[in-house]
Amino acid sequence: MLEYASYALVLLALGAYVLLDGYDLGIGILSLLDRSDQRRKEYSELIATAWDANESWIILAGVVLWAGLPGVYATVLPGVYLPLIVMLLAIVLRGTAIELQSAASGYRHGWGLVFGLASLVATLCQGLVIGAVLSGLPHRGGVFTGGTWDWLTPYSVLCALGLVTVYLLAGAAWLQDKTTGTAHARAGRLGRPLILAVAVAGLVLGSGLRLADPQHLRFDQPLRATLFGLAVAVAVVCAAIAWYGFGRRPDWRPFAAVAGTEAAGLLALVAATAPVVVPPDLTVRAAASPHGSQLFLLIGVGGCMPVVLTYNIYAWWVFRGKFAQPPATPVAAGPSRPPAATERPAAVVPVAGDGPWAVVVARRVLLTLLAVTVAAVSQDVFGGVRVWIGPVGVVVFAVTALAVWIRSDRHSAAVGEFDLQAAEQ
C-alpha cells in the first residue's frame, strides 16, 4: 500500500501546484491582454509576494515522483525532455522578470512582456506534458522507446490550450479577491466568459480522452463510474458557484469555487485512469520503488510537507487583504532640503586585504568548494559513476565559478550597486 501513498502524495503536490501556481501563471497571461500599465504593475506586484512559495510544490512533486515512482520518472522524463526544458527556462525568466519589475520604480515594458510571455509558454508546456502522458508514451520494460517529438499530439495541443483557459480563470478569480478598482472590475467581467471557455475545454478533453488514451477505460465498473460521476457533479456545482460569485460579494467566493472545480476535475481524471499512470499499461505498483525507499520517502516527505504548507500559509497571511499601491514618498520643501545629487550614496570601492572583505572572500571560497564537493559526492553515491567529472574537472569548475563570482561582486561594488561592508555590519 505504500506505493499508493506515494501516488497520493504526487497527486496532492501536483494539485497544489496547479491551484497555487495556476492563478499566478494565469495573471501573467492576463497581463498580455491588458493595455493599462498601472494594472500590469499591480499584477506583477501581486505575484511577487507568492510566486516562489507557489512553485515549491512542483519541486516537491518531482522529488516524490523520482523517489516513489521511479518507473514513471524513467518513462515520462525522456519522452518530454523538450517541453520540460522550455518550461523550466520560462519559469526562470518569469521569476527574473517579476523580481526586476518589482524592484523598478515604474512599469518596465520589457520585463512586463517577459513576465507575460514566460507565463504563457510555461503553461503551454505544462499542458503539452499532461497531454503527452495521457496520450501514452511508448515504453518497454520501464524504458522510453519513442522518438523526440512523440509528445506532440493533437490531444496534447488541446490539453495545452485547455490548461491556458483554466489558469486564466484561476487568475481572474484571484484578481477579484486581491485587488480593488479597475483591476477588480475587469476580473469580475472576465470570470463568466472564462467559465464558459473552461466548460467547453472540459467537454472536448473529456470526450477526447477515450480516443487519446490507449488503455481501455473501464467505465463499466460500478465503483469507478460512481466516483467519476460524483467528481464531475462536484466540478459542475463549483463552476456554478463561481459563475454566481464573479462580480458579487464576497470576493473570495469565485477563487474558492474555482479551487473546488480544479480539485474535482483532478479526482475525475484519477477515477477514470487509475491505477494506470502512463498508458497503456504502466501501473502504480509496477512503477513503484522498493518498500524501503517508499518508507524512507514517506517519512522524509512527511517532515517536509508541513514546512511547505507553513511557508504557503505564512506568505498568504502576511499579504492577506487587498493589494494597494505603496504611498508616494513625500517631497520635502524648503531651503533646508539638500540637493538631489548629495542624496545619492557614493560608490563604495572595497579595499583589498581589509578584514570584512577578506572574511567574505574566505567564506565564499569555502561555500563554493563545499557545494562542488556535495555535488560530486552525491553523484558518486546516488549515480554510482564518477566518470562525468574528475578531480581536474572539479578544480576547473570551482576556480572558474569562484573567479566569476568575485569578479562580479567587485564590479558591482565598484559601481556602487551595493555596500559590502555595510551589509556585513
Side-chain angles (χ1 to χ4, degrees), residues 1-15 17-18 57-89 91 122 124-160 163 205 208-218 266 269-294 296-298 300-301 379 382-385 388:
M1 292 299 292
L2 290 180
E3 62 270 20
Y4 288 100
S6 298
Y7 182 49
L9 285 177
V10 172
L11 294 176
L12 176 62
L14 287 178
Y17 174 77
V18 169
W57 286 99
I58 196 172
I59 300 173
L60 187 61
V63 170
V64 177
L65 191 65
W66 170 66
L69 302 173
V72 177
Y73 201 88
T75 303
V76 171
L77 204 62
V80 294
Y81 265 142
L82 189 56
L84 274 184
I85 290 173
V86 175
M87 183 197 75
L88 292 176
L89 290 175
I91 288 177
L124 290 173
C125 290
Q126 291 174 14
L128 289 171
V129 171
I130 294 172
V133 174
L134 291 176
S135 300
L137 292 168
H139 59 275
R140 183 182 302 114
V143 178
F144 175 70
T145 58
T148 306
W149 299 95
D150 282 358
W151 51 270
L152 189 59
T153 65
Y155 192 74
S156 67
V157 174
L158 290 176
C159 280
L163 195 63
L205 294 175
L209 184 61
R210 275 183 173 273
L211 301 176
D213 197 325
Q215 68 168 318
H216 178 59
L217 299 177
R218 302 298 304 273
L266 178 61
L269 180 62
V270 173
T273 59
V276 174
V277 189
V278 181
D281 56 3
L282 186 58
T283 63
V284 174
R285 187 177 296 277
S289 58
H291 183 273
S293 300
Q294 296 279 336
F296 180 79
L297 167 70
L298 294 177
V301 173
Q379 178 66 23
F382 295 105
V385 293
W388 70 282

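- Considering SG of C159 and CG of L124, their distance stands at 12.0 Å, rounded to 0.5 Å.
- Separating the CG atom in L14 from the CH2 atom in W57 is a distance of 11.0 Å, to the nearest 0.5 Å.
- The nearest pair of heavy atoms linking D150 to P138 is OD2-CG, 3.4 Å.
- Side-chain contact check for Y7 versus P275: every heavy-atom pair is 4.5 Å or farther apart.
- At a threshold of 4.5 Å between non-hydrogen side-chain atoms, the residues L298 and S6 count as touching.
- Here the closest non-hydrogen pair linking S135 and Y155 is OG-CB, 3.7 Å.
- Scanning all heavy atoms of the two residues, the minimum distance from V277 to V133 falls at O-CG1, 3.8 Å.
- Between T145 and H139 the shortest heavy-atom distance is OG1-N, 3.5 Å.
- Closest non-hydrogen pair, G127 versus L163, comes out as N-CD2, 3.6 Å.
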Listing, residues 67-87 side-chain donor-acceptor contacts under 3.5 Å, not counting sequence neighbours, or none:
from	atom 1	to	atom 2	distance (Å)
T75	OG1	G71	O	2.8

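- Rounding to the nearest 0.5 angstrom, the gap separating the CG atom in L209 from the CG atom in L158 is 12.0 Å.
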**Report entry** Verdict with reasoning, L134 to L269, per side-chain contact (heavy atoms from CB on, under 4.5 Å)
**Finding:** CA-CA 10 Å; L134 291 176; L269 180 62; 4.0 Å; yes
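- Residues V276 and T283 are in side-chain contact: their nearest non-hydrogen atoms beyond the backbone lie under 4.5 Å apart.
- Summarising the geometry, atom CG belonging to L60 is positioned 7.5 Å from atom CG belonging to L9; distances are rounded to the nearest 0.5 Å.
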